[in-house]
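Okay, so here's the structure we're looking at.
Each ligand, and each atom within it, is numbered from 1 in the order the structure gives. For clarity, every value in this text was computed on a predicted model and none was experimentally measured. If you read the sequence from its start, that first residue is 1, and numbering goes on from there.
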Amino acid sequence: MALAVSVVQSRIMASIMVTHFGPLKGAIRNFDVSLACKRFPSIIFGYSPPVELYDEASCCSGKNGLLESEICEGHLSSSVGAKWVSPDTLCETWPSLYPNLPSGSSSLFNEESSHPSPLSSQPLNFETETKSDLRVTVEDSSTIDALEGKQSVASVELILDKSISCIPGLSKRQFHQLENCGFHTLRKLLHHFPRTYADLQNAQIGIDDGQYLIFVGKILSSRAIRASYTFSFLEVVVGGEVADSESSSENGFDETYSRRKRTIYLHLKKFFRGTRFTFQPFLKSLQGKHTEGDIVCVSGKVKTMRKKDHYEMREYNMDVLEDEQDSLPLAEGRPYPIYPSKGGLNPNFLRDTISRALLALPVNVDPIPEDVTRDFGLKCLHDAYYGIHQPKNLDDADLARKRLIFDEFFYLQLGRLFQMLEGLGTQLEKDRFLDKYRKPELNVVFMEEWSSLTKKFLKALPYSLTSSQLSAVSEIIWDLKRPVPMNRLLQGDVGCGKTIVAFLACMEVIGAGYQAAFMVPTELLAIQHHEHLLYLLENMEQVDFKPSVALLTGSTPSKQSRLIRQGLQTGDISLVIGTHSLIAENVEFSALRIAVVDEQHRFGVIQRGRFNSKLYYNSISSRMTATSSDVCLKDDVCMAPHVLAMSATPIPRTLAIALFGDMSLTQITDLPPGRQPVETFTIEANEIGIERVYEMMRDDLETGGKVYLVYPVIEQSEQLPQLRAASAELETISNRFEDYNCGLLHGKMKSDDKDEALRRFRSGQTRILLSTQVIEIGVDVPDASMMVVMNAERFGIAQLHQLRGRVGRGVRKSKCVLLASTTRSLNRLKVLEESSDGFYLANMDLILRGPGDLLGKKQSGHLPEFPIARLEIDGNILQDAHLAALKILGTSHDLEKFPDLKAELSMRQPLCLLGD
Ligand SMILES: Nc1ncnc2c1ncn2[C@@H]1O[C@H](COP(=O)(O)OP(=O)(O)OP(=O)(O)O)[C@@H](O)[C@H]1O
């Protein structure tokens with residue numbers, strides 16, 4: 001396993017070209033991936049693309065421009081686009097005035113309630129409103145204890161799953177807003193991770209519009225101004241010195257000049273709307289919060305103002321420093337978290353609420369024992385939450401992310417292993433079970449012991465199995481012979497021959513008198529597998545019992561479908577191949593023993609859990625019917641079926657372990673003999689390029705080849721005229737290649753028509769198939785020898801690799817042309833010219849997608865259950881999580897020694913699988 005990880009890492013240790021954003025916008029420069037990966041395996045730093053930190057929907061955007069322009073003139077030198085704050089959003093805005101200092105500094109609301117001072121004299125009885133309306137009182141003493149760090153670990157889970165009403169200073173309105181957006185608990189809120197961090201630049205030489213700055217300076221003035229009856233604003237001006245770019249540039253490299261400084265001015269602005277915010281005492285108190293002469297460290301996004309050297313900041317953090325010396329560590333730059341907005345909530349408000357939630361977090365919040373976190377070099381949970389939301393630096397954020405990913409995988413594995421252990425009787429059995437996962441290499445059944453049906457089926461194959469196919473079958477059969485449900489992932493690159501391995505596993509259970517179900521994501525694939533299997537069974541020499549095979553998809557006519565369901569219930573049908581229809585309510589099996597799920601990664605763990613239980617209960621209920629009719633049952637007949645999942649997605653071994661909670665991963669690491677790498681070309685789709693591709697197609701067709709043309713869309717669209725469409729081009733291609741028949745295949749066609757199109761292509765009646773990406777998964781036409789992908793820039797690298805896998809599946813030398821609409825996109829695609837290794841390409845895909853944004857964006861590497869883990873790079877963390885789970889369960893099989901862990905386990909989402 002460690003090997004697998006190190007292979008991945010070494011594969012990405014190459015220097016490649018990566019596009020950077022921001023100051024280097026558009027530029028391409030050498031990016032040393034090895035260094036970046038080494039230092040921050042999860043977070044790649046750099047300038048963040050500009051992000052609109054205000055959410056238009058949730059903010060009064062000052063659309064009443066008249067008021068804005070009239071009133072602000074003379075007060076605000078840059079009033080265009082000013083944001084307005086209504087009384088209701090005051091609380092959202094206010095905390096930003098106060099920095100997120102480690103303790104107490106955000107407690108403005110608390111201070112206010114105890115020191116109502118100027119506000120109490122308001123005619124509108126503002127104080128009362130502040131207390132009753134603007135605040136939900138801290139509900140119970142446990143939170144107070146938590147704040148004071150007195151919370152015992154035993155009740156920690158209560159804290160994380162506490163209602164957000166326990167966050168100090170939250171108004172009722174805000175509380176409901178947050179609840180409506182799904183932030184019911186502290187946990188939910190703290191798990192709203194920043195989607196990236198802006199790299200705060202120290203204010204130096206050039207300052208660009210939209211840049212995130214960290215700046216140390218002196219408060220020069222603080223004014224809270226009533227601009228009209230309903231509108232007021234606060235403007236704090238901070239002045240400080242930066243190196244003077246002009247003098248240095250004008251005077252070349254003159255040292256003296258380059259050390260010259262110039263003063264710049266930051267105008268920090270907040271706007272308030274509502275009569276109650278225009279009263280003098282309120283404004284006075286607002287203004288008084290900032291003392292002239294204070295040294296402060298300000299960070300946030302700047303906007304240049306008309307006046308030279310003046311910049312505006314409307315979203316910022318400000319820390320008051322004791323003296324200028326304090327500025328040194330701060331000025332080194334802290335990552336500035338950028339939150340994804342949710343349900344229209346202002347990201348700024350979210351940031352403030354999260355800061356306050358952090359303050360409500362007790363230090364001893366961690367249910368994982370300290371020795372485990374120490375052994376695996378993990379932050380404690382409290383620090384991890386701080387580290388992800390308020391990192392001191394990127395290292396800090398990276399370590400925090402590591403801990404949180406660790407948790408995602410750890411609890412899933414702990415849950416699965418715990419569940420499996422629960423099903424076993426004695427301590428000895430449990431120890432043996434854990435041992436099995438420690439020594440997986442011993443778990444194989446050699447061919448001599450396979451059932452005679454399996455051996456005969458093997459003999460009927462027109463080829464011999466490769467060595468890794470053979471060991472895959474041996475491993476799977478070992479599991480099939482055990483009375484514990486298997487949960488195994490069969491993983492192998494495109495075209496390596498996984499299907500036949502799965503067929504052999506099905507034969508083994510059928511040979512033992514049980515049934516098999518083979519579930520695939522598309523009808524096209526179901527039909528293909530069905531036909532393939534029938535063909536192989538026909539070739540099989542005489543056996544006492546030939547398995548009966550059925551095909552069940554959404555398009556199966558209802559009468560036929562009823563007969564198939566009957567056959568499955570009576571046991572007359574031994575193997576059914578189909579789509580999701582297989583897990584429909586009314587499908588019941590007589591003795592289902594294995595469920596093969598193709599393209600596993602398309603389903604989440606939870607869904608797969610549903611498959612399991614669905615198949616399991618069907619199996620039980622059928623058996624119960626059978627029992628009543630006096631059928632003799634085997635002891636293990638009510639066991640859940642074995643599940644064999646298949647995937648061509650390059651999943652690191654460790655990730656598979658995490659997904660499955662055990663060591664059930666089988667990898668096919670070789671390709672059938674005679675395969676040659678697909679020669680890949682990236683070509684720009686201009687006139688010359690297209691002519692060249694047509695020429696290549698003609699050469700291939702003349703030598704007996706078959707060509708796939710893959711299009712991003714079916715029909716031409718007015719909105720995206722640059723996209724080439726399959727239907728629209730059928731005529732052009734047919735005219736161009738009139739000596740050859742062309743076919744069309746896309747998702748909107750009827751099932752029979754799709755099948756017919758593929759059949760004609762397979763038989764050679766059509767030699768050119770214009771298709772959409774419907775062929776991406778599993779389509780197998782071994783003598784297809786060329787593929788052209790139109791608008792290839794529209795596809796991800798991993799997806800193109802899957803598509804390309806449709807050619808080169810036989811012995812014929814094949815090629816793949818990636819036609820890109822722009823020269824710029826050629827660079828990204830070139831990586832496919834260089835490699836045909838799915839694992840390597842998945843990593844490149846990740847890196848080429850761009851730095852940053854690893855935390856929140858759902859991309860190909862994300863699995864639904866693991867919001868922040870990245871499939872391609874987090875293998876080592878998963879490995880650790882697996883070992884930690886084994887260690888914990890080795891110490892206490894039933895987790896009795898770890899009550900907090902057990903409690904946490906029951907709170908975690910993946911545990912809905914437990915007891916399924
Ligand atoms: N050992 C072998 N020797 C020769 N050909 C083989 C061997 N095993 C499988 N094949 C053939 O290789 C082709 C690809 O096999 P299969 O469809 O099982 O691949 P796969 O791993 O499921 O690919 P994909 O992920 O693209 O669906 C098929 O035509 C199959 O008949």
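Of all the atoms in ligand 1, the ones that sit under 4.0 Å from a non-hydrogen atom of Thr466 are 1 (N). Counting atoms of ligand 1 from 1 in the listed order, those under 4.0 Å from a heavy atom of Thr499 are 16 (P), 17 (O), 18 (O), 22 (O). Close approach of ligand 1 to Ser464 is summarised as follows: ligand atoms under 4.0 Å from at least one heavy atom of the residue are 1 (N), 2 (C), 3 (N).
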Residue pair Arg724, Glu729: steps toward the salt bridge (charged side-chain N to carboxylate O under 4.0 Å, His left out) verdict = CA-CA 8 Å; Arg724 300 180 68 176; Glu729 291 221 349; 2.8 Å; yes
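Taken from OG in Ser467 to CG in Asp670, the straight-line distance is 4.5 Å, to the nearest 0.5 Å.
Of the candidates Ser467, Gly495, Ala502, Gly495 brings a heavy atom nearest to atom 24 (P) of ligand 1.
The shortest heavy-atom distance from Glu776 to ligand 1 is not under 4.0 Å. Under the 4.0 angstrom criterion for non-hydrogen atoms, Met646 is not in contact with ligand 1. Under a 4.0 angstrom heavy-atom cut-off, Cys496 registers as being in contact with ligand 1.
A salt bridge does not link Lys481 to Glu449: none of the charged side-chain nitrogens sits closer than 4.0 Å to a carboxylate oxygen.
The proximity of Pro782 to ligand 1, defined as any non-hydrogen pair under 4.0 Å, is limited to the side chain. When heavy-atom distances to ligand 1 are checked against a 4.0 Å cut-off, Gln802 has no atom that comes that close, whether in backbone or side chain.
Here's the thing with Gly497: one of its N/O atoms is less than 3.5 angstrom from an N/O atom of ligand 1. Close N/O approach between Arg675 and ligand 1 is found [any backbone or side-chain N/O within under 3.5 Å].
Counting only N and O atoms by type, the side chains of Thr703 and Arg812 include a donor and acceptor under 3.5 Å apart.
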